[in-house]
Novice: 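Here it is: the structure, laid out below.
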Amino acid sequence: MIDDTIRFQQVANAVSTDLGEDTAVLNMQNGAYLGLNVTASFVWRELEKASTTAQLSRRLATVFAVEEDVCAAAVERLLKQLVDAGVVMRLEAAAP
Amino acid sequence: MVPVNLGRPNVHENMVQISEGEFLFDLPEVVRAMAVGGHSLRVQFAPGGDPARGWYSALTMGAGMIGMQRGRFPLHGSAITARGRAVAFAGVSSAGKSTLVAALVRAGYPLLADDLCMIRQDEEVYRVGSGVPAVRLLEDAASHLDMRGASAGDIKISVPLDLGEDDVPLSRIYALRFGEAKESPTIRKLSRMEALAFIAQGVRLPIGLDRLPTSWRARNFEFVSGLARQVNVFELSRPRDFASFEKTISLLIEHLEDRRHD
């Protein structure tokens, strides 16, 4: 079950560049590079603004014409990788 | 005298210390070298060390350090000029960079650089400066190519060769790897992402790009990703032994002359 109260966003210390359809991301804090394919690049660009997993999955499903639940699993995996790499941060839900 | 330590370095690990304007390289029992402000190199040889090895280490690492301070990218590679464009052959030590370049010089391509390609960005064009007029070869390679030279102070021989033009636009990089003994030589184009990873790992410094000061990282990232976008990078795989060496050179020349790969 996806926790849709958590939003994700690029950290300020990450820089990225387009390489054709792919994207390379650098964590300036530790110097690590990350390569993203075309769909991950789409999610990365969407993460310029804070987004939940469900929002990202819906947008990805629309653009790439894929089932939303299939997208959700992939987006969750990708977000975990991006958070672990230190280029995306989790934003806890604001208090009601 | 070259100091043992920099005052308050941003980076301090193994053989390297880096501060805002200084880059110190210390190869124990051989040489200590310090690049200052992108314009001067101070060198101090260790007592009893091999002077030839000391000079070679100081000059290659020193050039890399000064180049990096000037905003250039020191690629661990050797290069020739083909149809007015620089072509670099890059890879780790003993990947065969100098041997391939020496064979291509023998085939008529002018030498541009050996073991260190200093690349600078000129708007959308990346240019390679010329190195010293020689290539360093292992004895078996020199013998196979029928080239002669003087001892380079280590296991290599320095073979003097004429240089071609300086400051040549870079069109291609060949990433060198050895395949299985019986495999035929092959060339494949790397994706932009593979090219970026290869170039980033190919910096000719005693420290990786990821270990350089934080304030340099965005600039270096922009430089290597720009290179990966603008320059075609191919992987050349061939057997390590000399049995199919001429076949490799023929394949390479055919590939170099094919403008579709530019």
Novice: Determine which donor-acceptor pairs between chain A and chain B fall under 3.5 Å and list them with their distances.
Specialist:
| residue | atom | partner | partner atom | Å |
| --- | --- | --- | --- | --- |
| Thr17(A) | OG1 | Arg229(B) | NH1 | 2.5 |
| Asp18(A) | O | Arg229(B) | NH1 | 2.9 |
| Met28(A) | O | Arg217(B) | NH1 | 2.7 |
| Gln29(A) | O | Arg217(B) | NH1 | 2.7 |

Novice: Any salt bridge linking Lys49(A) with Glu46(A)? Criterion: basic side-chain nitrogen under 4.0 Å from a carboxylate oxygen.
Specialist: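 Here Lys49(A) pairs with Glu46(A) in a salt bridge, since their nearest N and O are under 4.0 Å apart.
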Novice: Quick one: closest heavy-atom pair of Leu190(B) and Phe198(B), and the distance?
Specialist: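 Reported closest heavy-atom pair: CD1-CB, 4.4 Å.
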Novice: Which pairs, with at least one residue in residues 5-31 of chain A and sequence neighbours excluded, count as a ring pair (Phe, Tyr, Trp, His ring centres under 6.0 Å)?
Specialist: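 Sorted result for residues 5-31 of chain A: empty, none.
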Novice: Measure across Val87(B) and Ala82(B) and return the closest heavy-atom pair with its distance rounded to 0.1 Å.
Specialist: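 That would be CG2-CB, 4.1 Å.
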Novice: Pick one: which of Val16(B), Leu6(B), Val11(B) meets side-chain contact (heavy atoms from CB on, under 4.5 Å) with Phe23(B)?
Specialist: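 Of the listed options, the one satisfying the test is Val16(B).
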Novice: What pair of heavy atoms forms the shortest contact from Gly38(B) to Ile66(B), and how long is it?
Specialist: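 For Gly38(B) versus Ile66(B), the nearest heavy atoms are O-CG2, 3.5 Å.
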